[in-house]
Number of protein chains: 2
Amino acid sequence: MPRPSSHVDEKLLAAARELLPTTGCHKLSLRQVASHAGVNLGMFHYHFGNKEAFLETLISRTYDEILARLEHTSQPDASPLENLRTALNALGRWARDHRELLMRLAADAMAGEQVVVNGFVKNQPRIIGTMVPRMMAAQAAGQLPAIAVPQLIGFIAGSITMPFVVGTVMSKFDLVPAPLLEGLENAVFSDEAISQRIDMALAGLQSALPPAAITNQKPT
Amino acid sequence: MPRPSSHVDEKLLAAARELLPTTGCHKLSLRQVASHAGVNLGMFHYHFGNKEAFLETLISRTYDEILARLEHTSQPDASPLENLRTALNALGRWARDHRELLMRLAADAMAGEQVVVNGFVKNQPRIIGTMVPRMMAAQAAGQLPAIAVPQLIGFIAGSITMPFVVGTVMSKFDLVPAPLLEGLENAVFSDEAISQRIDMALAGLQSALPPAAITNQKPT
DNA sequence: GGGGGAATTATACAAGTGTATAATTATACG
DNA sequence: CGTATAATTATACACTTGTATAATTCCCCC
């Protein structure tokens, strides 16, 4: 090892990690990253081979980093529904805290960026996968209706996270008068607002008890 | 008018309109559009000046087109909540029918595409604007809680539309086994599934009656 | 029927991208 | 002390993008 590494690969990943929440994957230019890291462009080919491989490890690292901040609560003595409720609250606050990054990744995924989709599919078990058993437990306990899991996940995820999108877009593009902005923050991003949405979502689901006709099965 | 127009501008708009749901605005290349229209690239500069202006009229036209398919129901004799419910059902089915296009536009907007955001802001009154009065009427009638409007809109919009995103992404990227795919369609995209989500969302909101503490006002 | 001029084409340009490679640097080791 | 060699730089290439302009086509109208 005639010349010790100055860990340029790590510098590149760190620079890209900084840029990611504001640019997203698709608009992330390698020259921009290299310049932001104070390093030469050629290092991408040397250390990672191509952009796709670079993005792959970048996304993998990023998921590891933010998922480490997602606390996994478990209260064996609580009912399945209450277990789900606290888990959803932790997940909702976590999503709020990383909303810029997550929104960029979501935009990239919706735009068809294959690397981002793969990254989500690979890490989704650590996010959604922890919720599904709790949902199914609540269903088994008769605390949630026996509706199809995608319908269940979509309903809950949407009711919790869509206000984040609305609030973020509204404030980023100045679609709300300045004096109301702080009120918007409180009404959408606060712990209480998140908790309220989760309570409303779960109560809404319970309104569909007893089991509705919409299941995962094709109608006969 | 020495040489009559062969309406190349309309051909370009039509070609772009066809490509839009599969490519989105950002990935829409002018050469691709021109080639798809069987027309020369230079016509963009001649007829529209630049890409932004072209996208502007394209998006404006597109909104006009799909919004014409959005039926505006009004039943003066029904309660505010029932009025909102039927309006939401019409809106939900409309969103489902145009989900590819709307998801691309949403991805573009979330990615920061200014033209798309402007287009949404300009046309949002014809979509959300028709819902807000009904929501506020239901609030005034005590049928919905007095929570902040962004929270209300986000909650309802998310619970209705997020399952579309989940279902679309899952099927587009083959994340669900083929035999379950038809069941997914029924469970998420059917009229009944939409209606069920709306019922659950409204019931969930009603669970927050009497008025909760989360309002648009900054806490004192 | 041949100018005139708008509509359309062909083509070039500058800027940006990812990729690749030769040249240079800098250090551990003989 | 000098050399082998991994790490880094400088630079060029091929491609795509939007933009611009000169050249050509084609039809109305005098």
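In what follows, every chain begins at residue 1, and chains take the letters A, B, ... in the order their sequences are listed.
- Taking CD1 of Ile156(B) as the reference point, atom CZ of Arg197(B) lies at 13.5 Å (rounded to 0.5 Å).
- A 4.5 Å side-chain heavy-atom check between Met43(A) and Lys11(A) finds every atom pair outside the cut-off.
- A donor-acceptor pair under 3.5 Å is absent between the side-chain atoms of Thr168(B) and the main chain of Val165(B), judged by distance alone.
- A heavy-atom distance below 4.5 Å is found between the side chains of Leu205(B) and Ile147(B).
- Within the structure, every pair that satisfies the salt bridge (Lys or Arg N to Asp or Glu O under 4.0 Å) test and touches residues 47-68 of chain A, not counting sequence neighbours, is listed here: Glu10(A)-Arg61(A), Arg17(A)-Glu65(A), Asp64(A)-Arg126(A).
- Within residues 103-117 of chain B, no residue has a heavy atom under 4.0 Å from DNA chain C.
- Counted within 6.0 Å of NZ on Lys172(A), heavy atoms from surrounding residues, nucleotides or ligands total more than 12; the atom is thus considered enclosed.
- Rounded to 10 degrees, the angle separating the terminal helix axes of the helix from dG1(C)-dC30(D) to dG30(C)-dC1(D), each built from five base pairs, is 20°.
- In this structure, Arg104(B) contributes its side chain and Cys25(B) its backbone to no donor-acceptor pair below 3.5 Å.
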Given protein heavy atoms under 4.0 Å, the one-letter contact record of nucleotides 9-22 of chain C, with B base, S sugar-phosphate only and - none, is simply BB-B----BBBSB-

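- Using a distance-only test at 3.5 Å, with no hydrogens or angles considered, a donor-acceptor pair links the side chain of Asn83(B) to the main chain of Gln75(B).
- Contacts between residues 53-60 of chain A and DNA chain C, counted as heavy-atom distances below 4.0 Å, involve no residue at all.
- The closest donor-acceptor contact from the side chain of Ser35(B) to the backbone of Arg31(B) lies at 3.5 Å or more, if one exists at all.
- Applying the salt bridge (Lys or Arg N to Asp or Glu O under 4.0 Å) test to pairs two or more places apart or on separate chains, those with a residue in residues 93-103 of chain B are Arg96(B)-Asp191(B).
- Taking CZ of Phe54(B) as the start and CG of Leu13(B) as the end, the distance is 5.0 Å to the nearest 0.5 Å.
- Rounding to the nearest 0.5 Å gives a distance of 10.0 Å between CG of Leu105(B) and CZ of Phe120(B).
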